[in-house]
2 protein chains.
Amino acid sequence: MKKASKANSAAERQQEILTHLIEVGSSSLDDLAHRFDVSLMTVHRDLTTLSLQGMVVKHHGSVSIHSSNVFESNFEFRSLLAVEEKKRLAAVGAQEVHSGESVLLDDSTTASFLAPLLADLEPLTVITNGLSSIEQLKTLPGIRLITLGGEYYPKFNASFGLLCEQTIQNLKVDIAILSASAVDGIEAYVQDPAVTQIKRAMLNAARRTVLLVHSGKFGKTALHRLASLTDFDLVLIDHGLSPEHQRLLEEAGVNFRQVE
Amino acid sequence: MKKASKANSAAERQQEILTHLIEVGSSSLDDLAHRFDVSLMTVHRDLTTLSLQGMVVKHHGSVSIHSSNVFESNFEFRSLLAVEEKKRLAAVGAQEVHSGESVLLDDSTTASFLAPLLADLEPLTVITNGLSSIEQLKTLPGIRLITLGGEYYPKFNASFGLLCEQTIQNLKVDIAILSASAVDGIEAYVQDPAVTQIKRAMLNAARRTVLLVHSGKFGKTALHRLASLTDFDLVLIDHGLSPEHQRLLEEAGVNFRQVE
DNA sequence: AAAATATAACACCAAGGTGTTTTAATATGA
DNA sequence: TCATATTAAAACACCTTGGTGTTATATTTT
């Protein structure tokens with residue numbers, strides 16, 4: 001069991017509690033107090049804060065994460081999942097980008113982890129519709145940032161729609177780095193039609209395409225098919241991929257690499 | 001002389017000190033200590049903080065603002081000037097917007113003050129290229145937010161360029177609310193060509209147009225002519241406008257109003 | 001009604017911010 | 001160049017604030 005690291009601030013502990021709750025679904029207050037080594041009162045206070053933010057729901061003596069469908073696809077929610085794996089994927093993905101190139105990043109959390117790693121590669125042109133990436137890139141000197149506009153979706157913290165698609169159609173970039181919601185067989189899937197539309201446009205606008213995908217997304221499916229893995233020039237996956245899936249990819253001729 | 005209002009936090013006082021320094025250019029540490037009613041030591045500490053941020057430069061016994069040309073046109077810099085007047089202008093400007101309409105906001109600091117005031121007017125569609133406005137609007141429920149993409153300019157914390165212009169040309173909105181860098185006679189001027197281009201496109205895309213302009217900008221000029229004040233359906237100015245300018249506007253038939 | 005859980009009230013503690021005093025560094029004038 | 005005055009920095013103590021735990025009171029469950 002992961003020992004709860006000593007939180008040095010209230011906000012941090014609340015984040016840790018939330019992460020823990022996402023993993024286990026729900027918990028008793030007693031257990032949380034013991035696990036994070038604070039009093040019951042403090043747990044109460046933390047959970048009240050989290051529930052005011054709409055992150056959890058309190059019952060009598062227990063809490064559970066607030067898992068409406070809406071929430072589960074929230075940017076804030078997704079950004080808490082498998083953070084370490086995504087960061088490693090992003091780190092390896094960043095190595096595919098070379099100084100002087102133009103890079104297209106999608107709205108995924110994985111891409112937003114990649115953004116700050118591009119600082120060293122200046123001069124560089126980065127194009128993205130993700131607000132999180134934009135916020136990080138705007139502070140980096142030497143990076144030319146092109147923002148993609150469109151209709152803003154809070155669920156993804158990014159802009160989509162016709163306006164966005166048309167803009168992308170006017171671009172041609174060196175490399176596009178995307179993620180996907182699910183992979184079944186050698187097909188990549190995405191939940192939302194608006195997101196699918198933009199990712200497709202991005203793929204068409206790039207000379208090289210890279211897919212970053214967490215192994216936990218394999219064997220699942222989502223509503224919209226984005227592309228085959230063979231359509232990508234490179235697919236990066238973390239080390240948790242099952243042997244069957246590995247064999248499948250090899251047989252299909254997918255150019256993939258497992259990081260670490 | 002404006003009495004320095006009691007700051008309730010260190011960061012706030014540092015902001016106030018910076019604002020003061022922007023107004024007066026430079027000052028002795030003694031004067032600052034007296035003016036803000038703190039000890040010399042605290043002034044030292046505040047100024048060290050500000051100089052580490054590159055905002056001011058310390059000399060022996062005095063400070064001056066770090067006024068490179070770059071800095072003077074920075075978004076952060078401009079956003080400190082005449083904050084109160086701009087907020088009042090924004091408040092009155094917000095009254096021109098009606099529930100259910102579509103609103104175009106430019107990249108100005110004045111417009112960014114207007115953004116949070118739109119929360120009550122839902123349902124509402126807001127379209128802007130200013131990151132500051134976007135950040136504020138994205139948290140408001142009931143507001144449909146359309147972001148305008150393009151090449152990001154750190155100087156204005158917003159996106160401009162051909163991509164942005166083309167996007168705007170595909171839009172038609174109820175009302176556009178803009179600001180300008182300077183007004184000479186009845187002509188409104190803007191410093192930067194990229195900004196001018198986008199503001200012009202915004203004017204063309206709107207049925208009603210409103211200009212928010214601080215009285216301190218009258219009698220000055222800037223590189224690019226944006227439009228005549230008569231081209232705007234309404235011009236809002238704070239109460240500091242000189243009688244000569246008032247007469248000039250009246251004679252020219254400008255539909256203007258002085259707030260408060 | 002009794003047990004369990006939630007909230008409120010209060011006291012305590014740690015951290016950051018401030019002022020005073022002391023010491024170091026820098027500028028000024030002969 | 002040196003002595004002196006002025007300013008900067010360091011050290012320390014005080015105060016305020018936000019966070020925490022304990023105890024007491026209220027609420028909910030069973």
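The sequence lines fix the lettering, A, B, ..., with proteins before strands; numbering per chain opens at 1.
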Listed partners of B:Leu29 passing side chain to side chain contact (heavy atoms under 4.5 Å, CB included), at least two apart: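 B:Leu29 satisfies side chain to side chain contact (heavy atoms under 4.5 Å, CB included) with B:Leu40, B:Val43, B:His44, B:Leu47, B:Val63 only.
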Contacts of B:Glu85 that satisfy side chain to side chain contact (heavy atoms under 4.5 Å, CB included) - sequence neighbours left out: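 Applying side chain to side chain contact (heavy atoms under 4.5 Å, CB included) to B:Glu85 gives B:Ala82, B:Arg88, B:His214, B:Asp238.
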Between the opening five pairs and the closing five pairs of the helix from C:dA1-D:dT30 to C:dA30-D:dT1, how far apart are the helix axes, to 10°?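 The value is 30°.
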Could you give the NE2-to-P distance, from B:His44 to C:dA24, as a whole number of Å?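 In whole Å, C:dA24 P and B:His44 NE2 are 17 Å from each other.
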Determine, for nucleotides 25-30 of chain C in 5'-to-3' order, which nucleotides have protein heavy atoms under 4.0 Å from the base (write B), from only the sugar-phosphate (write S), or from neither (write -). -SS---
Using a heavy-atom cut-off of 4.0 Å to chain A, what are the terminal contacting nucleotides of DNA chain D, in 5' to 3' order?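 Listing 5' to 3', DNA chain D meets chain A from D:dT20 to D:dT28.
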If only atom types and distance count, is the side chain of A:Thr128 paired as donor or acceptor with the main-chain N or O of A:Leu105 below 3.5 Å?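 Yes: the side chain of A:Thr128 pairs with the backbone of A:Leu105.
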Quick one: do the A:Ser39 and A:Thr42 side chains pair a donor with an acceptor below 3.5 Å?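 A pair is found: one side chain offers a donor N or O, the other an acceptor, under 3.5 Å apart.
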Going by distance alone, is a donor N or O of one side chain under 3.5 Å from an acceptor N or O of the other, for A:Ser28 and A:Asp30?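 Per modelled atom types, A:Ser28 and A:Asp30 side chains form no pair under 3.5 Å.
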Sequence neighbours left out, cut at 3.5 Å: what donor-acceptor pairs do the side chains of residues 91-98 of chain B make with other protein atoms?
none

Who are the ring pair (Phe, Tyr, Trp, His ring centres under 6.0 Å) partners of B:Tyr152, not counting sequence neighbours?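 Residues passing ring pair (Phe, Tyr, Trp, His ring centres under 6.0 Å) with B:Tyr152: none at all.
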Does B:Tyr189 have any ring pair (Phe, Tyr, Trp, His ring centres under 6.0 Å) partners at least two apart in sequence or in another chain, and if so, which?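 Testing B:Tyr189 for ring pair (Phe, Tyr, Trp, His ring centres under 6.0 Å), a comparison that skips the adjacent residues, returns none.
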Determine which pairs satisfy salt bridge (Lys or Arg N to Asp or Glu O under 4.0 Å) with at least one residue from residues 142-151 of chain A, sequence neighbours left out, and list them in order.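 Residue pairs with at least one partner in residues 142-151 of chain A: A:Arg144-B:Glu151, A:Glu151-B:Arg144.
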With salt bridge (Lys or Arg N to Asp or Glu O under 4.0 Å) as the rule and sequence neighbours excluded, what pairs involving residues 39-49 of chain B come up?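 Non-adjacent pairs meeting salt bridge (Lys or Arg N to Asp or Glu O under 4.0 Å): B:Arg13-B:Asp46.
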My understanding is that only residues two or more places apart in sequence, or in another chain, count here; which of them pass side chain to side chain donor-acceptor pair (under 3.5 Å) with A:Thr221?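 A:Thr221 satisfies side chain to side chain donor-acceptor pair (under 3.5 Å) with no residue once adjacent residues are dropped.
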Just how far is it from atom OG of A:Ser27 to atom CG of A:Leu21, taken to the nearest 0.5 Å?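 If I round to the nearest 0.5 Å, the distance is 6.0 Å.
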Protein N or O to nucleotides 16-21 of chain C N or O, pairs below 3.5 Å:
from	atom 1	to	atom 2	distance (Å)
C:dT18	OP1	B:Arg13	NH1	2.8
C:dT18	OP1	B:Arg13	NH2	3.0
C:dT18	OP2	B:Arg13	NH2	3.1
C:dG19	OP1	B:Ser39	N	3.4
C:dG19	OP2	B:Ser39	N	2.9
C:dG19	OP2	B:Ser39	OG	2.9
C:dG19	OP2	B:Thr42	OG1	2.3
C:dG19	N7	B:Arg45	NH2	2.8

